[in-house]
Amino acid sequence: MTATPPQVRINRDRLWAALMELKEIGAYDDEATGLRGVRRLALTEADAEARRRCVQWMTEAGLEVRVDRIGNVYATRPGRDRSLPCVLMGSHIDTVATGGAFDGTLGVLGGIEVMRTLNAAGIETLRDVEVGFFTEEEGVRFGTDMLGSAVTAGRIPLDHAHKLTDSDGRTVAEELQRIGFDGPEDERRPIPHAYIECHIEQGPILAEAGVSVGIVKGVQSISWQRLTLRGEAAHAGTTPIGSRHDAGLVAANVVVELRRMCDSGEFGQLRATVGTFDIGAGQTNVIPHHAMLTIDLRNPDDEAMTAAEQHLAGYVDSISAQHGVAVAWERMAKTAMVPFHPAIQDLLAQTAHDLGLGYVRAMSGAGHDAQEIAAICPTAMVFVRGENGGISHTPREYSTPDACADGADVLANAVLRLANQP
Ligand code: GLV
Ligand code: MN
Ligand code: MN
């Protein structure tokens, strides 16, 4: 590759200051780590306050802000030819309940920083440039991840998304209204020229390669299911072992079988997680009559994912029949492996090279809004290295100011190139 000098450098201190400011919204003391974490579940008060802060920053940067019917927010920096499709940057600002300061927010605040940088340099672009954030990426509150971007991409109907409920029975539609982010704009937004998302890696690959940025090849398949098991409550001391209908026992077997499936190598690079395991309040001397667990499967290979799901369904049928326990499955989310656009990946790689940044190409282990937006326009992602093995979804999540700034520099210069494409 020959190097073309980069056109802009973002303001590292300003980006870091924004990241540190936003992490105070929804901050909590995490007992397990002794650290300050971020708990900003979608459409809660904390999310609303963070949304308002981002909108304020967007407005201060002179951007035109609009909100759509699923609560996605977009801010536009007009280009010379407004009839051309825009270049879109974005990510999410909701977090899991044990979140850190970087997951999602880097792509949003990095995008706002790109806008500020273009303003400060007095740069005009041919196309509009937009930065946005999508509603309920994490899926922790309403049970479906990448919700706002999936609605925008047309994979999930708006009406279905609006009716999803949290554990207290409150709907997405009610909560959007309550926090004032039930916007008027069509959720099927105008198709962008390209979408680029800058995000922390949330894994160890970049650190192991000794680089601060990565070019993302694609996102692996994700399957989320809720499994409910119904057995029969009975006396712990008097019920013979062979006569029990123990829903807790079946649930425990499922957890162990999932781990065996991962270790066996029979299902490729399968990763399985039971993140919710509920057998109710329970009583010491009563056999559990009810169990509920969520099953998160990830696999970079769609066929191996299908084989894993089929094996799991068969296993659950047989173990529950053996114990006389009834089974109900609920599909929460499912996405196939999504490859990113080769030309956008190459443009990001060339941009990193021109900035003098080493990079690797890697698959994403986590889900991202980019995998949804990839259905409507050429899309790719820039990864930023995480410390501590790239640990994420915990307050231990950390990326250095330099790594964040390197990612935002790649974002800025790639967006500039795309925004000047005729
Ligand atoms: C989103 O963070 C995911 O679950 O991958
Ligand atoms: Mn994320
Ligand atoms: Mn996340």
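These numbers come from the heavy atoms of this one structure, side chains and all, not from hydrogens, waters or symmetry mates. Treat the numbers as computed from the prediction; the structure is a model and nothing was measured. Position 1 is the first residue of the sequence, and the numbers go up from there.
- In this structure, OG on Ser364 lies 9.0 Å from CD on Glu197, to the nearest 0.5 angstrom.
- The two atoms that bring Ile279 and Pro288 nearest to each other are CD1-CG, 4.3 Å, heavy atoms only.
- Residue pairs that meet the salt bridge (charged side-chain N to carboxylate O under 4.0 Å, His left out) test with at least one member in residues 22-32, sequence neighbours left out, are Asp29-Arg36.
- With sequence neighbours left out, the side-chain contact (heavy atoms from CB on, under 4.5 Å) criterion links Arg69 to Leu158, Asp186, Glu187.
- Environment of CD in Glu21: crowded, with over 12 heavy atoms of neighbouring residues, nucleotides or ligands closer than 6.0 Å.
- Under a 4.0 Å N-O distance rule, the pair Arg155/Glu372 qualifies as a salt bridge.
- Using a distance-only test at 3.5 Å, with no hydrogens or angles considered, no donor-acceptor pair links the side chain of Asn388 to the main chain of Gly390.
- Taking the side chain as every heavy atom from C-beta outward, Ser212 and Asp402 never approach each other to under 4.5 Å.
- Atoms CG and OG1, on Leu164 and Thr144 in that order, are 4.5 Å from each other to the nearest 0.5 Å.
- Here the side chain of Asn420 pairs a donor or acceptor atom with the backbone of Leu126 at under 3.5 angstrom.
- The closest donor-acceptor contact from the side chain of Glu130 to the backbone of Cys86 lies at 3.5 Å or more, if one exists at all.
- In this structure, the side chain of Tyr195 engages the main chain of Gly90 through a donor-acceptor pair within 3.5 Å.
- Interatomic distance, CD1 of Ile112 versus CD of Glu60, reported as 10.0 Å (0.5 Å rounding).
- Residues passing the salt bridge (charged side-chain N to carboxylate O under 4.0 Å, His left out) test with Asp406, sequence neighbours excluded: Arg12.
- Closest approach of Asn413 and Gln7 over heavy atoms only: OD1-N, 3.0 Å.
- Looking only at distances, no side-chain donor or acceptor of Gln177 sits under 3.5 Å from a matching main-chain atom of Asp182.
- Leu258 pairs with exactly one of Val254, Val256, Val255 by the side-chain contact (heavy atoms from CB on, under 4.5 Å) rule, that one being Val254.
- At least one side-chain heavy atom of Arg127 sits less than 4.5 Å from a side-chain heavy atom of Pro85.
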**OP:** Just do the salt bridge (Lys or Arg N to Asp or Glu O under 4.0 Å) check on Glu124 and Arg80 with the steps written out, would you?
**Re:** CA-CA 7 Å; Glu124 267 198 352; Arg80 282 194 302 281; 3.5 Å; yes

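- Residues Ile205 and Met363 fail the side-chain proximity criterion, which asks for heavy atoms closer than 4.5 Å.
- Judged purely by atom type and a 3.5 angstrom limit, Gln371 uses its side chain to pair as donor or acceptor with the backbone of His368.
- Leu43 places a side-chain heavy atom less than 4.5 Å from the side chain of Arg51.
- Atom-to-atom distance recorded for Thr379:OG1 and Ile196:CD1 is 9.0 Å, nearest 0.5 angstrom.
- In this structure, Val73 and Met58 have side chains that are in contact, with non-hydrogen atoms separated by less than 4.5 Å.
- Residue pairs meeting the ring-ring contact (aromatic ring centres under 6.0 Å, His included) criterion with at least one partner in residues 156-185, sequence neighbours excluded, do not occur; the list is empty.
- Among pairs with a residue in residues 253-281, those fulfilling ring-ring contact (aromatic ring centres under 6.0 Å, His included) read Phe267-His311, at least two apart in sequence or across chains.
- Of the inter-residue distances, the one linking Ile200 atom CD1 with Arg385 atom CZ reads 13.5 Å to the nearest 0.5 angstrom.
- Scanning all heavy atoms of the two residues, the minimum distance from Asp166 to Phe142 falls at N-CD2, 3.6 Å.
- With sequence neighbours left out, the salt bridge (charged side-chain N to carboxylate O under 4.0 Å, His left out) criterion links Glu64 to Arg82.
- Minimum heavy-atom separation, Ala414 to Leu348: CB-CD2, 3.6 Å.
- When all heavy atoms of Gly407 and Val384 are compared, the pair lying nearest together is CA-CG2, 3.6 Å.
- Scanning both residues, Gly26 and Ala46, for their nearest heavy atoms gives CA-CB, 3.9 Å.
- Side-chain atoms of Asp103 never come within 3.5 Å of backbone atoms of Ser392 as a donor-acceptor pair (strictly under, hydrogens ignored).
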Subject >> Criterion side-chain contact (heavy atoms from CB on, under 4.5 Å) on His323 and Asp246, from CA distance to verdict >> reply: CA-CA 7 Å; His323 293 283; Asp246 186 337; 5.8 Å; no

Original post:
Does the pair Thr351 and Val382 meet the rule for a side-chain contact (heavy atoms from CB on, under 4.5 Å), with working shown?
Top reply: CA-CA 11 Å; Thr351 305; Val382 189; over 6 Å; no

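- Other residues, nucleotides and ligands place more than 12 heavy atoms under 6.0 Å from the NZ atom of Lys334.
- A donor-acceptor contact shorter than 3.5 Å is absent between the side chain of Glu137 and the backbone of Gly104.
- Not one N or O on the side chain of Arg331 forms a donor-acceptor pair closer than 3.5 Å with the backbone of Gln225.
- Using a 4.5 Å cut-off on side-chain heavy atoms (C-beta onward), Leu297 and Met305 make contact.
- The closest side-chain heavy-atom distance from Phe340 to Val219 is below 4.5 Å.
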**OP:** Determine, stepwise, if the pair Arg298 / Ile222 fulfils side-chain contact (heavy atoms from CB on, under 4.5 Å).
**Re:** CA-CA 5 Å; Arg298 313 274 173 140; Ile222 304 175; 3.6 Å; yes

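- Heavy-atom neighbours of Gln56 CD from other residues, nucleotides or ligands within 6.0 Å: above the threshold of 12.
- Counted by atom type alone, His92 and Asp369 present zero donor-acceptor pairs between their side chains at under 3.5 Å.
- Arg66 and Asp68 are not joined by a salt bridge, as no carboxylate oxygen comes within less than 4.0 angstrom of a charged side-chain nitrogen.
- Judged purely by atom type and a 3.5 angstrom limit, Asp94 has no side-chain atom pairing as donor or acceptor with the backbone of Arg40.
- Ring pair Trp16/Phe102 is tilted by interplanar angle, where 30° to 60° counts as tilted.
- Here the options are Thr98, Leu35, Val38, the test is side-chain contact (heavy atoms from CB on, under 4.5 Å), and the partner is Tyr28; only Thr98 passes.
- Between Glu257 and Arg260, at least one side-chain nitrogen of the basic residue sits less than 4.0 Å from a carboxylate oxygen of the acidic one, meeting the salt-bridge criterion.
- With a 4.5 Å cut-off on side-chain heavy atoms, Lys163 and Thr171 do not count as touching.
- Under the 3.5 Å distance criterion, with hydrogens and angles disregarded, no donor-acceptor pair is assigned to the side chains of Thr306 and Gln310.
- The pair Arg361-Asp346 meets the salt-bridge criterion, since a charged nitrogen lies less than 4.0 angstrom from a carboxylate oxygen.
- Rounding to the nearest 0.5 angstrom, the gap separating the OG atom in Ser221 from the CD atom in Glu309 is 7.0 Å.
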Original post:
What do the steps show when you test Leu109 against Leu15 for side-chain contact (heavy atoms from CB on, under 4.5 Å), and what is the final call?
Top reply: CA-CA 7 Å; Leu109 302 186; Leu15 172 60; 4.3 Å; yes

